[in-house]
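See structure below.
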Amino acid sequence: MKLDYSRALLKEDVKNYQEEVSKIHESLMNGTCKGNDYIGWIRWPYDYDKEEFERIKDAAREIRENADVLLVCGIGGSYLGARSAIEMMNGLYPDDKVEIIYTGNTLSSTYISQVLKHIEGKSVYCNVISKSGTTTETAVAFRLFEQFIVEKYGVEESKKRILATTDKARGTLKELADAKGYRTFVIPDDIGGRYSVFTAVGLLPIAASGIDIDELMKGCQKAYEDFKDPDLDKNIAYQYAVVRRIMEKQGKCVERLVTYEPQMTMIAEWWKQLFGESEGKEGKGLFPASVTFTTDLHSMGQFIQEGTKLLFETLLTVENPQEDMIFPADKDNLDHMNYLAGKNIDWINKMACQGTIAAHVDTGNVPNVVLSMKDNSAYSYGYMIYFFFRACAVSVLMLDVNPFNQPGVEVYKKNMFKLLGKI
Ligand code: PA5
């Protein structure tokens with residue numbers, strides 16, 4: 001992964017923050033930082049439970065052998081990571097035997113009914129994922145899909161087809177799974193939802209979609225090695241952490257993640273949760289937004305170019321696309337497109353990207369930070385998520401905010417529970 005902030009229009013040197021960053025790094029590594037009860041993700045690339053990792057691979061193999069559909073039932077940190085990985089690597093129209101369907105992430109009666117109809121007549125497995133075990137969206141959907149599976153396959157067969165990822169010892173879902181004999185996988189106590197994609201939370205669905213999770217963990221390990229030295233000359237995760245704070249000092253209040261691949265749109269959703277939930281506290285933080293270009297250039301491009309100067313862009317680009325093709329010549333050329341004949345579509349996409357950077361930075365005065373990934377592989381995905389974990393933690397700690405809690409999320413739940421009559 002590479003970071004280029006030469007077009008970020010910085011008015012100060014990133015290295016001015018070395019002392020502050022080194023102290024924060026030290027506090028993360030020795031466990032004295034704010035929120036230090038949730039820093040299990042730091043050493044997870046090496047410390048992950050190897051036995052459980054093998055159980056995940058075994059379960060994924062079984063799902064791939066027997067299922068037409070895997071229902072992944074979870075929300076927020078128990079959902080976005082797996083979906084971001086699966087879509088980034090397998091694309092939006094995967095040619096795979098197992099169809100992954102995301103549920104438990106909405107209370108839309110229409111959506112749930114349509115999924116129930118869609119899975120009729122198919123071989124269905126369900127992985128329900130919830131750390132607390134009490135999340136309403138997940139619990140509502142799970143009851144419906146559990147009943148569907150039990151009715152269709154009977155109690156015994158359901159024990160094979162329903163897998164629960166939850167707390168290792170406590171909580172409603174753990175109790176339910178144990179009582180009914182479902183297989184369980186563990187969400188570690190010291191890893192919060194938005195940092196959990198490389199635990200069973202993400203790894204089971206990711207592996208069940210056919211992705212090599214050994215490679216994913218290798219990518220995380222390489223990132224751990226690359227970011228263990230806080231030296232701002234070398235550590236691009238910490239450079240990015242600092243650039244974000246400088247942007248804020250220069251008056252920006254929105255960071256917009258830009259991708260040029262529709263299959264990376266869910267990466268942006270995952271990234272928004274990571275940064276939004278980690279940073280948006282105590283009246284502080286950059287608002288994380290996202291666009292997929294070139295699609296959104298035709299809707300949001302105008303505002304970015306000439307609207308209020310409240311945002312900067314962080315591009316997440318891919319050097320080598322998963323697939324490419326040559327734009328064909330046409331003998332009649334009635335669409336006047338022959339000037340592109342013989343060019344690769346990815347080259348056209350990259351030219352659009354370069355032209356947009358120039359328009360936004362040089363003409364629009366909108367700072368651009370460019371992060372480039374080599375490819376869409378599991379290894380690159382693992383590297384990228386760990387890059388963002390480290391960058392996020394350091395960037396948020398620079399605000400003197402706890403990056404690992406989310407007290408504000410509870411407020412709407414209290415109101416909703418009151419209205420729903422929850423006792
Ligand atoms: O990051 C978070 O804590 C949240 O997004 C949670 O992951 C989300 O609310 C789901 O929670 P749970 O896993 O307890 O069902």
Side-chain angles (χ1 to χ4, degrees), residues 34-42 44 71-85 102-108 112 126-146 162-177 182 184-206 266-281 285 288 290 385-386 388-389 392-393 395-396 401-417 420 422:
K34 278 194 170 173
N36 56 4
D37 40 351
Y38 280 101
I39 53 173
W41 58 271
I42 295 179
W44 191 253
L71 298 168
V72 176
C73 189
I75 195 167
S78 294
Y79 149 67
L80 287 162
R83 185 163 181 181
S84 73
Y102 303 93
T103 67
N105 56 351
T106 175
L107 290 168
S108 161
I112 297 169
C126 177
N127 178 202
V128 55
I129 308 163
S130 177
K131 186 164 187 174
S132 62
T134 54
T135 301
T136 313
E137 292 86 341
T138 306
V140 164
F142 180 60
R143 180 180 286 195
L144 290 160
F145 289 110
E146 184 193 29
I162 296 174
L163 307 96
T165 305
T166 189
D167 190 273
K168 71 171 181 306
R170 297 179 299 266
T172 309
L173 181 56
K174 175 67 179 158
E175 284 163 24
L176 180 154
Y182 301 149
T184 57
F185 297 86
V186 174
I187 307 180
D189 282 341
D190 55 356
I191 301 184
R194 57 191 177 274
Y195 293 81
S196 71
V197 55
F198 58 176
T199 71
V201 170
L203 292 182
L204 179 51
I206 292 171
M266 287 307 297
I267 300 268
E269 295 305 310
W270 169 84
W271 173 90
K272 284 194 282 195
Q273 186 198 1
L274 178 65
F275 280 87
E277 242 179 33
S278 299
E279 184 162 281
K281 289 160 211 168
S290 66
I385 53 151
Y386 197 80
F388 279 127
F389 287 158
C392 180
S395 209
V396 177
V401 162
N402 177 349
F404 310 119
N405 64 0
Q406 54 284 328
V409 179
E410 297 310 311
V411 183
Y412 96 90
K413 289 186 191 167
K414 271 194 197 140
N415 293 342
M416 180 177 72
F417 291 150
L420 293 175
K422 185 175 181 186

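Order of listing sets the numbers, starting from 1, for every ligand and every atom in it.
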Under the 3.5 angstrom rule, does the side chain of [X] hit a backbone N or O of [Y] as a donor-acceptor pair?
X	Y	result
Ser395	Cys392	no
Ser278	Pro403	yes
Lys131	Pro188	yes

Q. Parallel under 30°, tilted from 30 to 60°, perpendicular over 60°: which one fits the rings of Trp271 and Phe388?
A. perpendicular
Q) Parallel, tilted or perpendicular for Phe389 and Tyr386, by the 30°/60° rule? A) perpendicular
**Q.** Charged N-O contact under 4.0 Å between Lys272 and Glu269
**A.** yes
(Q) How far is atom 2 (C) of ligand 1 from the closest protein heavy atom, and which atom is that? (A) Glu277 OE1, 3.3 Å
Q | Nearest protein heavy atom with distance in Å, relative to atom 12 (P) of ligand 1 | A | Thr135 OG1, 3.3 Å
What atoms of ligand 1 come within less than 4.0 Å of a heavy atom belonging to [X]?
X	result
Ser130	12 (P), 13 (O), 14 (O), 15 (O)
Ile75	7 (O), 8 (C), 10 (C)
Ser132	12 (P), 14 (O), 15 (O)
Gln273	1 (O), 2 (C), 4 (C), 5 (O)
Arg194	1 (O)
Lys131	12 (P), 13 (O), 14 (O), 15 (O)

Q: Heavy atoms only: give me the nearest Ala268-Ser290 pair and the separation to one decimal.
A: CB-CB, 3.5 Å
Q. Taking atom 13 (O) of ligand 1 as the point of reference, which of Ser78, Gly77, Gly192 owns the nearest heavy atom?
A. Ser78
